[in-house]
Amino acid sequence: MLYSLARLVLAPLLRLLCRPVVRGRGNVGRRGAVILASNHLSFIDRIVIALLAPRPVHFLARDEYFADSGLKGALLRGFFTAFGRIPVDRRAHRGA
């Protein structure tokens, strides 16, 4: 719900203030699997893509973001989960 509210409020503001150019938006279907690949030029890429994509976007995030304890940890976990982040253990070794 928080993600939908953010998209509803912030996407029009982003379009008005920054006037981003989105190419290929029509190639993203309303259903089914899709991979959106970004150059990842800055942290803001994740925010802009999440706001301007035609449907909700989920990103991989390192699991350390979800590991803090206490109130701070609970708030971070809640925030990242609400915005569709999926924890990934980047330290795991590949199996043979």
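The first residue of the sequence shown is numbered 1, and numbering continues consecutively from there. Everything numeric here is computed off the predicted structure, so don't read it as measured data.
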Subject >> Atom pair SG/CG of Cys18 and Leu51 - distance to nearest 0.5 Å >> reply: 10.0 Å
Original post:
Do other residues, nucleotides or ligands put more than 12 heavy atoms under 6.0 Å from the CZ atom of Arg19?
Top reply: no
**OP:** Tell me who clusters with Leu8, hydrophobic residues only, linked when side chains sit under 4.5 Å apart either directly or through other members.
**Re:** none
Subject >> Worked verdict on Ile86 versus Phe59 for side-chain contact (heavy atoms from CB on, under 4.5 Å) >> reply: CA-CA 6 Å; Ile86 301 167; Phe59 290 96; over 6 Å; no
Original post:
Same hydrophobic cluster for Phe79 and Leu5, using side-chain heavy-atom links shorter than 4.5 Å among ILVMFWY?
Top reply: no
Original post:
Rounded to the nearest 0.5 Å, how far does CG of Leu36 lie from CG of Asn27?
Top reply: 10.5 Å
Subject >> Hydrophobic cluster membership, Val48 vs Val28, 4.5 Å side-chain cutoff >> reply: no
Original post:
Hey, does Arg55 have a side-chain heavy atom less than 4.5 Å from the side chain of Val34?
Top reply: yes
Subject >> Ala50 backbone acceptor or donor facing Arg7 side chain under 3.5 Å >> reply: yes
Subject >> Value rounded to 0.5 Å, distance of CZ in Arg15 from CG in Leu10 >> reply: 11.0 Å
Original post:
To the nearest 0.5 Å, how far apart are CG in Leu75 and CZ in Phe80?
Top reply: 11.5 Å
Subject >> Listed once per pair and sorted, the side-chain hydrogen bond (donor to acceptor under 3.5 Å, both in side chains) pairs that draw on residues 61-75, sequence neighbours left out >> reply: Arg62-Tyr65, Asp63-Arg91, Glu64-Arg91
**OP:** Report yes if the side chains of Phe66 and Arg85 come closer than 4.5 Å at any heavy-atom pair, otherwise no.
**Re:** yes
Original post:
Nearest heavy-atom pair of Pro20 and Leu14: which atoms, and what distance?
Top reply: CD-O, 3.7 Å
Subject >> Ile47 vs Phe83, side-chain contact (heavy atoms from CB on, under 4.5 Å): CA-CA, chis, key distance, verdict >> reply: CA-CA 10 Å; Ile47 297 168; Phe83 283 91; over 6 Å; no
Subject >> Heavy-atom side-chain proximity of Tyr3 to Thr81 below 4.5 angstrom >> reply: no
